[in-house]
Amino acid sequence: MSSSRKHHLKSLMLSIAKGLLEEEVREREEERKRYMAENCPPLSMPRSMQELQELCREIHHKIDVLDEERYDLEMKVNKSNKEIEDMNIKVQDLKGKFKKPVLRKVRMSADAMLKALLGSKHTVNMDLRANLKQVKKEVKEEDKDLRDVGDWRKNIEDKSGMDGRKKMFEAEA
């Protein structure tokens, strides 16, 4: 197909699409006008206070009816969305592939986390150091001897040869 033919077909398709879009817009506008004429009759301004109060009552009644309809529709939409989610989960389970949800990082202290879990009535203090026992460090005599060794050359000379080894074994026994 030649480029001029392609260009001609493309322009034809665009002109048809433009006509369809204009027709859709016109139909929407007619539908809107018909709905407004049906549900919102032209307002006649009342001349007395009693007529004005009656008009206000009617408007409040219409608002209440519309709020009920809106609430019902919202509940239907929410119910449908939940059903769609459940169906998607079932489909994923049947496929055998589980898509891990992305977890958000939460920076929260242990106190704040326990408070959130247990509620504000329970106050839990996570000062773990306060619960620890105090332990005194015992210094062993062997450690003192090792620290008090002094010059390492003397120590090696004392233990050198058979006499030094004999002294080591006698000291252990």
Side-chain angles (χ1 to χ4, degrees), residues 1-140:
M1 192 180 326
S2 68
S3 62
S4 62
R5 175 92 172 131
K6 285 181 186 177
H7 182 67
H8 177 67
L9 288 174
K10 186 177 178 181
S11 62
L12 230 112
M13 286 175 34
L14 286 173
S15 65
I16 291 171
K18 184 180 177 185
L20 290 173
L21 285 174
E22 288 173 356
E23 187 177 328
E24 258 183 57
V25 169
R26 193 170 40 254
E27 285 177 7
R28 273 196 221 132
E29 188 63 33
E30 288 174 8
E31 179 69 25
R32 183 178 169 277
K33 285 180 182 177
R34 188 177 55 76
Y35 179 82
M36 292 299 281
E38 189 176 291
N39 290 326
C40 301
L43 186 63
S44 59
M45 290 305 290
R47 299 199 186 273
S48 69
M49 188 64 128
Q50 188 176 6
E51 289 176 1
L52 186 61
Q53 288 176 346
E54 187 62 35
L55 178 65
C56 289
R57 284 191 198 102
E58 288 176 19
I59 291 174
H60 278 288
H61 179 70
K62 286 182 182 180
I63 289 172
D64 290 340
V65 169
L66 289 175
D67 278 342
E68 289 174 7
E69 287 178 16
R70 182 184 53 83
Y71 178 78
D72 292 341
L73 290 175
E74 280 182 9
M75 289 300 116
K76 284 182 184 178
V77 168
N78 289 340
K79 185 178 177 184
S80 299
N81 287 342
K82 278 220 188 276
E83 287 177 4
I84 289 170
E85 278 184 37
D86 292 341
M87 296 280 188
N88 284 337
I89 290 171
K90 286 181 182 178
V91 166
Q92 284 180 353
D93 289 344
L94 290 175
K95 284 182 180 178
K97 295 178 183 175
F98 181 70
K99 187 176 179 183
K100 279 188 179 178
V102 179
L103 299 176
R104 290 181 279 141
K105 290 183 181 178
V106 178
R107 293 187 65 167
M108 186 181 284
S109 68
D111 289 335
M113 195 175 298
L114 284 173
K115 196 171 189 178
L117 289 173
L118 300 175
S120 61
K121 293 177 185 174
H122 305 284
T123 55
V124 179
N125 190 6
M126 284 298 292
D127 186 16
L128 298 176
R129 291 183 184 175
N131 298 335
L132 295 177
K133 294 180 181 177
Q134 293 291 331
V135 178
K136 288 188 177 181
K137 187 174 181 182
E138 295 179 17
V139 179
K140 295 181 182 177

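These numbers come from the heavy atoms of this one structure, side chains and all, not from hydrogens, waters or symmetry mates.
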- Query: Atom OG in S2, atom NE2 in H8: separation rounded to 0.5 Å?
  - Reply: 10.5 Å
- Query: salt bridge (charged side-chain N to carboxylate O under 4.0 Å, His left out) between E30 and K33: does it pass, once the steps are laid out?
  - Reply: CA-CA 5 Å; E30 288 174 8; K33 285 180 182 177; over 6 Å; no
- Atom CG in L20, atom NZ in K18: separation rounded to 0.5 Å? 12.5 Å
- salt bridge (Lys or Arg N to Asp or Glu O under 4.0 Å): which pairs involve residues 48-67, sequence neighbours left out? E54-R57, D67-R70
- Query: Would the number of heavy atoms belonging to other residues, nucleotides or ligands and lying under 6.0 Å from CD of Q50 be above 12?
  - Reply: no
- Query: How long is the span from the CG atom in N88 to the CG atom in D93, to the nearest 0.5 Å?
  - Reply: 11.0 Å
- Query: Excluding sequence neighbours, so at least two apart, what forms side chain to side chain donor-acceptor pair (under 3.5 Å) with Y35?
  - Reply: N39
- Item | Value rounded to 0.5 Å, distance of CG in D86 from CG in N81 | 11.0 Å
- Query: Just wondering, more than 12 heavy atoms not from M75 lying within 6.0 Å of its CE?
  - Reply: yes
- Are the side chains of L21 and V25 in touch, meaning some heavy atoms are under 4.5 Å apart? no
- Item | Worked check of salt bridge (charged side-chain N to carboxylate O under 4.0 Å, His left out) between E85 and K82 | CA-CA 5 Å; E85 278 184 37; K82 278 220 188 276; over 6 Å; no
- Note on the structure: Output for pair (H61 NE2, L66 CG), nearest 0.5 Å, gives 10.0 Å
- Query: Hey, are E22 and R26 close enough for a salt bridge, meaning a charged N less than 4.0 Å from a carboxylate O?
  - Reply: no
- Task: Using a strict 4.0 Å threshold on nitrogen-to-oxygen distance, state whether R34 and E31 make a salt bridge.
- Result: yes
